[in-house]
Participant: 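Just passing along the structure, written as structure tokens.
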Amino acid sequence: MADFTVDPDDVRIHGRTLGSTVAEDYAQQAQEIARDSVIDPPGFGVALSPVEALYIQRVEFLVNDVRGAADVCRQIGAKLGTVADQYERAEDLHVGGFGGTPAPTGGFGDAYGRTGVAQLVTDPTTLGAAATIGASITLAEIGGILGGMAACAALCPTFIIGLAGAALFVANPVGIAQAGADLMRHGDQLQKALNANFDKICSAATGTWKGEGKDSFVIMATKLKAHLDELGAYIRVLGEALHSLEIALGGLWIALGAMTVPFLTWLIAMRAAELVPGAAVVLEPIIEATGAVVAGSVTTMVAAVSALGGLALALINGLAKDFLKLMTLPDDGAAGTPDLTEFRVGENFA
């Protein structure tokens, strides 16, 4: 028999833990990420719907990779059982290789079909307001501001372009904030709890293992742990990007609300003044010119170059920086295929 010794009961116990408890923890985590990442319509809004499609693709990739971790743990657990059995039969170590089933991520078109705007078009009853976490502004408040802007447009037709521009950014900030907070929590939990436990059990499984196969097993476990930590960090970054998006949208709509109330009040006063005989001839050009100027301010704000304080510009610049971090997935295998669904291990864990 080759240089190969283990405590079979010890290895078998840790193999069962990896194949059951640890694997189920990853499977449950994947399920929770899939559930908590969903943002009800109108999602990111019309203008940002391409960004939302990218987000949906990223989430799908991450969920499949974490599910792949569960499958890999089950296979490792079974192979550790084989290690124990072979030692008890006084055999040389000969653990067959194993591998996952690649699960490529869906295309951008499929992801776009699941954005909040696309869902709202197909089913208006999906308009969401179920999330409960605090946000800088709610969908109902955005609706109120948009209603005020619509009243402005009714009183001043030259403002219609401003209303149209703002409508492109009607989103679900509360849902975005909720998903962002949940993803940050899941990313931290993956790194600090699940991955730490995986590392602990793998280390314990080699405590009585000497000789053949051990070094390859340790290298494999280390490689897996590094990828799982990378996944956790990426999930947190995704949550942080959603947090930045919610702040940017909130800042935009708060600024629009601050502008709409005095503008609507002024328009009502001007229209009332026009009831004075002869006043309309003088006031109408002023109203139309002012409406065009305010509409220009709105379109400037939604383009993130607002002159009304520069807050929206700073926030959206920060948002762009965060989302740039998301362009490169932790994907070292086939492009678009989560690594752990295509994970391959040769004989004796090599």
Participant: Looking at R67 and D71, is there a salt bridge between them, counting it only when a charged N and a carboxylate O are closer than 4.0 Å?
Facilitator: no
Participant: Return the CG to CG distance between L249 and L139, rounded to the nearest 0.5 Å.
Facilitator: 11.0 Å
Participant: Taking R271 first and then E284, would you say they form a salt bridge - that is, a charged N and a carboxylate O separated by under 4.0 Å?
Facilitator: yes
Participant: Between the main-chain N or O of T82 and the side-chain N or O of Y87, is there a donor-acceptor pair closer than 3.5 Å?
Facilitator: no
Participant: Testing the basics here: between W266 and I287, what is the closest heavy-atom pair and its distance to 0.1 Å?
Facilitator: CH2-CA, 4.0 Å
Participant: If we only count heavy atoms from C-beta on, is the L256 to L252 side-chain gap below 4.5 Å?
Facilitator: yes
Participant: Is there side-chain contact between Q178 and V174, with at least one heavy-atom pair below 4.5 Å?
Facilitator: no
Participant: Mind listing the closest non-hydrogen atom pair of G148 and T260 along with its distance?
Facilitator: C-CG2, 3.6 Å
Participant: Check whether more than 12 heavy atoms from other residues, nucleotides or ligands sit under 6.0 Å from atom NE2 of H227, and answer yes or no.
Facilitator: yes
Participant: Among the clusters formed by ILVMFWY side chains lying less than 4.5 Å apart, do L242 and M184 turn up in the same one?
Facilitator: no
Participant: Is the shortest heavy-atom distance from the side chain of I219 to the side chain of F349 under 4.5 Å?
Facilitator: no
Participant: Return yes if a side-chain donor-acceptor contact under 3.5 Å exists between E24 and Q28, otherwise no.
Facilitator: no
Participant: Do any N or O atoms from the side chain of D25 and from the backbone of L194 form a donor-acceptor pair under 3.5 angstrom?
Facilitator: no
Participant: Please report the C-alpha distance between D65 and Y26 in whole Å, then the side-chain angles of each, then the deciding distance to 0.1 Å, and finally whether the side-chain hydrogen bond (donor to acceptor under 3.5 Å, both in side chains) criterion is met.
Facilitator: CA-CA 10 Å; D65 218 1; Y26 281 116; over 6 Å; no
Participant: Rounded at 0.5 Å granularity, tell me how far CD in Q86 sits from NE2 in H94.
Facilitator: 7.5 Å
Participant: Roughly how far apart are D199 CG and T222 OG1, rounded to 0.5 Å?
Facilitator: 7.0 Å
Participant: Given 3.5 Å as the limit, does a donor-acceptor pair link the side chain of H14 with the main chain of D10, or not?
Facilitator: yes
Participant: Return yes if some donor-acceptor pair links the side-chain N/O of T138 with the main-chain N/O of E141 below 3.5 Å, else return no.
Facilitator: yes
Participant: Answer yes or no: are there more than 12 heavy-atom neighbours, outside L155 itself, under 6.0 Å from its atom CG?
Facilitator: yes
Participant: Would you say S216's side chain and G213's backbone share a donor-acceptor pair under 3.5 angstrom?
Facilitator: no
Participant: Under the criterion side chain to side chain contact (heavy atoms under 4.5 Å, CB included), which of N348, V95, L18 is the partner of K79?
Facilitator: V95
Participant: So, R35 and D182, do they make that salt bridge, N to O below 4.0 Å?
Facilitator: no
Participant: Would you check if M259 and V294 make a side-chain contact, meaning some heavy-atom pair closer than 4.5 Å?
Facilitator: yes
Participant: Output the distance between atom CG (L93) and atom CD (E347), rounded to the nearest 0.5 Å.
Facilitator: 10.0 Å
Participant: Quick check on the hydrophobic clustering: are F263 and M270 connected, directly or via other members, by side-chain heavy-atom contacts under 4.5 Å?
Facilitator: yes
Participant: Fit a plane to each ring of F217 and W209, take the angle between them on a 0 to 90° scale, and name the class: parallel (under 30°), tilted (30 to 60°) or perpendicular (over 60°).
Facilitator: tilted
Participant: Could you tell me the separation between the CG atom of D339 and the CZ atom of R344, rounded to the nearest 0.5 Å?
Facilitator: 11.5 Å
Participant: Any salt bridge between D188 and R185, counting N to O under 4.0 Å?
Facilitator: no
Participant: Do other residues, nucleotides or ligands put more than 12 heavy atoms under 6.0 Å from E88 CD?
Facilitator: yes
Participant: For the backbone of L183 and the side chain of R236, can you confirm whether one donor and one acceptor N or O come within less than 3.5 Å of each other?
Facilitator: no
Participant: Is any side-chain heavy atom of L146 closer than 4.5 Å to a side-chain heavy atom of L163?
Facilitator: yes
Participant: Taking D40's backbone N and O only, do any of them form a donor-acceptor pair with N172's side chain (distance below 3.5 Å, no angle check)?
Facilitator: yes
Participant: Measuring only between side-chain heavy atoms, which start at C-beta, is L224 closer than 4.5 Å to F343?
Facilitator: yes
Participant: Any chain of hydrophobic side-chain contacts (each under 4.5 Å) joining L340 to M220?
Facilitator: yes
Participant: Tell me, with the steps shown, if R12 and R16 meet side chain to side chain contact (heavy atoms under 4.5 Å, CB included).
Facilitator: CA-CA 6 Å; R12 192 175 284 117; R16 287 172 181 166; 3.4 Å; yes
Participant: Which pair of non-hydrogen atoms, one from F159 and one from A153, has the smallest distance, and what is that distance?
Facilitator: CD2-N, 3.8 Å
Participant: On a heavy-atom basis, which atom in T115 and which in A53 lie closest, and how many Å separate them?
Facilitator: CG2-N, 3.7 Å
Participant: Minimum heavy-atom separation for I176 to G43, with atom names?
Facilitator: CD1-O, 3.7 Å
Participant: For a quick test of reading the model, state the closest non-hydrogen atom pair linking L190 to L228 and the distance between them.
Facilitator: CD2-O, 4.0 Å
Participant: Ignoring hydrogens and angles, tell me if any N or O in the side chain of E52 forms a donor-acceptor pair with the backbone of G116 under 3.5 Å.
Facilitator: yes
Participant: Got a second to check how far I286's CD1 is from L283's CG, nearest 0.5 Å?
Facilitator: 5.5 Å
Participant: For the backbone of P173 and the side chain of W253, can you confirm whether one donor and one acceptor N or O come within less than 3.5 Å of each other?
Facilitator: no
Participant: Show your reasoning for whether side-chain hydrogen bond (donor to acceptor under 3.5 Å, both in side chains) applies to H186 and Q29.
Facilitator: CA-CA 7 Å; H186 287 312; Q29 189 79 26; 3.1 Å; yes
Participant: Do L245 and Y55 have side chains that get closer than 4.5 Å, going by heavy atoms?
Facilitator: no
Participant: Apply the test side chain to side chain contact (heavy atoms under 4.5 Å, CB included) to residues I56 and F44: give CA-CA distance (whole Å), side-chain angles for both, the deciding distance (0.1 Å), then the verdict.
Facilitator: CA-CA 11 Å; I56 290 171; F44 288 16; over 6 Å; no
Participant: May I ask whether V46 and M149 are part of the same hydrophobic cluster, defined by side-chain heavy atoms of I, L, V, M, F, W, Y residues being less than 4.5 angstrom apart, directly or through others?
Facilitator: yes
Participant: Would a 4.5 Å heavy-atom cut-off, applied to side chains only, mark T341 and T101 as touching?
Facilitator: no
